[in-house]
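In what follows, every chain begins at residue 1, and chains take the letters A, B, ... in the order their sequences are listed.
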Protein chains: 2
Amino acid sequence: MAGKSVKKRPGCDMRGMLSFQILWLLSNRPMYGQELAREIERRRGEKPNPGTIYPAIKELSEGGLIMGRTEGRSTVYRLTGKGSSTLKASLAYFERAYADIFYSIPSVQRRMKEGRA
Amino acid sequence: MAGKSVKKRPGCDMRGMLSFQILWLLSNRPMYGQELAREIERRRGEKPNPGTIYPAIKELSEGGLIMGRTEGRSTVYRLTGKGSSTLKASLAYFERAYADIFYSIPSVQRRMKEGRA
DNA sequence: AAGAATCTATCGGACGGCCAATATATTTAT
DNA sequence: ATAAATATATTGGCCGTCCGATAGATTCTT
């Protein structure tokens with residue numbers, strides 16, 4: 001049966017960052033869906049399911065933030081101009097909202113003090 | 001009527017961070033609901049509605065991550081031991097998942113290079 | 001050619017976040 | 001005492017995320 005118990009991160013599940021993360025990844029280089037899923041897995045620890053990643057891609061595509069180009073069996077996506085400016089605004093929001101949380105992390109502070117950018 | 005059009009951040013709405021942010025705020029000092037709402041407003045730019053903040057508080061409270069103590073007209077919340085360890089784990093996840101995004105922000109890089117912790 | 005692997009894609013359901021509206025209680029100001 | 005301000009709290013509904021299952025198409029391997 002579909003839609004069983006969703007695994008719950010204790011106390012905070014941090015939903016809502018998927019589209020943001022996809023935009024950011026595509027700002028580095030064009031990728032196709034499975035590549036995006038793998039890059040997200042590297043960061044989150046878990047690979048998003050097809051039912052998660054593809055609807056997100058579709059949404060971004062329909063919103064004109066990314067553009068897909070079919071190449072063989074895969075579809076390579078890249079940021080549009082609109083997607084790029086949206087990402088810029090989102091990054092500004094991200095920083096304003098969560099920078100102090102980041103700077104409170106010990107390993108981040110260490111890296112700061114050493115001036116490693 | 002209730003539940004009209006939810007304001008949409010274009011392309012990424014970053015839901016799911018509320019409980020995390022509440023835990024982090026309470027790790028700095030105990031606060032009551034409206035104080036939490038104001039601190040979140042300072043960071044996000046918009047104040048979470050009662051229908052957003054109170055259910056989140058309730059959930060964290062029922063999960064044993066925070067503890068409330070009624071004082072006059074307000075209820076002051078503080079982290080529990082469980083909440084503290086949960087926050088620690090969440091911070092680790094947060095860093096792993098989004099650190100590279102954070103470090104890609106120009107103003108953050110500037111601050112890093114100057115070694116300002 | 002046949003099978004395995006890879007990629008794209010959709011469906012149904014669950015869940016947290018989020019809002020506007022509404023209600024009540026307590027404290028403060030006039 | 002009355003009004004205003006402050007704080008807590010719930011209701012009803014929408015949205016994006018997320019999962020597991022399922023399916024079809026293309027490419028690679030044997």
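- Going from atom CG of Leu36(A) over to atom P of dT6(C) covers 17 Å, rounded to whole Å.
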Would Glu39(A) and Arg43(A) satisfy salt bridge (charged side-chain N to carboxylate O under 4.0 Å, His left out), going step by step from the backbone distance to the final call?
CA-CA 7 Å; Glu39(A) 288 297 323; Arg43(A) 293 163 172 80; 2.9 Å; yes
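- Protein atom CG of Leu18(A) is 12 Å distant from nucleotide atom P of dG16(D), rounded to whole Å.
- Between dT8(D) and Lys58(B), no contact under 4.0 Å exists linking OP1 or OP2 to a side-chain N or O.
- Among residues two or more places apart in sequence or in another chain, the salt bridge (charged side-chain N to carboxylate O under 4.0 Å, His left out) test is passed with Arg38(A) by none.
- Between Arg44(B) and dC18(C) there is a side-chain polar atom (N or O) within less than 4.0 angstrom of OP1 or OP2.
- Remark: the backbone N or O of Lys82(B) is paired with a side-chain donor or acceptor of Thr86(B) at under 3.5 angstrom.
- Rounded to an integer number of Å, the gap from Lys47(A) NZ to dT17(D) P is 19 Å.
- Counted by atom type alone, Glu95(A) and Ser107(B) present one or more donor-acceptor pairs between their side chains at under 3.5 Å.
- For the pair Gln34(A) CD and dA25(D) P, the computed distance is 18 Å after rounding to whole Å.
- OP1 or OP2 of dA20(C) sits under 4.0 Å from a side-chain N or O of Asn49(B).
- With distances taken from any side-chain atom of Arg73(A) to the nucleotides dA7(D), dG16(C), dT6(C), the minimum falls on dT6(C).
- Between the CD1 atom of Ile57(A) and the C1' atom of dT17(D) there is a distance of 14 Å, rounded to whole Å.
- For the OP1/OP2 pair of dA7(D) and a distance below 4.0 Å, the side-chain nitrogens and oxygens of Arg38(B) include at least one atom meeting the criterion.
- Contact between Gly33(B) and Ile53(B) at its shortest, heavy atoms only, is O-CG1, 4.3 Å.
- Here the shortest heavy-atom pairing between Arg96(A) and Arg42(B) reads NH2-O, 3.2 Å.
- Atom pair Ile53(B):CD1 and dC18(C):C1' shows a separation of 11 Å (rounding to whole Å applied).
- Straight-line distance from the CE atom of Met31(B) to the C1' atom of dA7(D): 16 Å, rounded to whole Å.
- The nearest whole Å value for the distance from the CZ atom in Phe20(B) to the C1' atom in dT17(D) is 18 Å.
- OP1 and OP2 of dT10(D) both lie 4.0 Å or more from every side-chain N or O belonging to Tyr54(B).
- OP1 or OP2 of dC19(C) sits under 4.0 Å from a side-chain N or O of Thr52(B).
- Judged by distance alone, the side chain of Gln109(B) and the main-chain N or O of Tyr103(B) form a donor-acceptor pair under 3.5 Å.
- Among the protein residues, Gly51(A) comes within range of the nucleic acid bases, having at least one heavy atom under 4.0 Å from a base atom.
- Each of Phe20(B), Trp24(B), Phe102(B) was scored for a ring pair (Phe, Tyr, Trp, His ring centres under 6.0 Å) with Phe94(B), with one residue passing: Phe20(B).
- The residue among Glu71(A) and Pro50(A) whose nearest nucleotide of DNA chain D lies closer to the 5′ end is Pro50(A).
- For the helix from dA1(C)-dT30(D) to dT30(C)-dA1(D), the axis fitted to the five pairs at one end and the axis fitted to the five pairs at the other end meet at an angle of 20° (nearest 10 degrees).
- Side-chain nitrogen and oxygen atoms of Ser19(A) include none within less than 4.0 Å of the OP1 or OP2 phosphate oxygen of dG16(D).
- Side-chain proximity of Ser74(B) to dA7(D), dT10(C), dA9(D): nearest is dA7(D).
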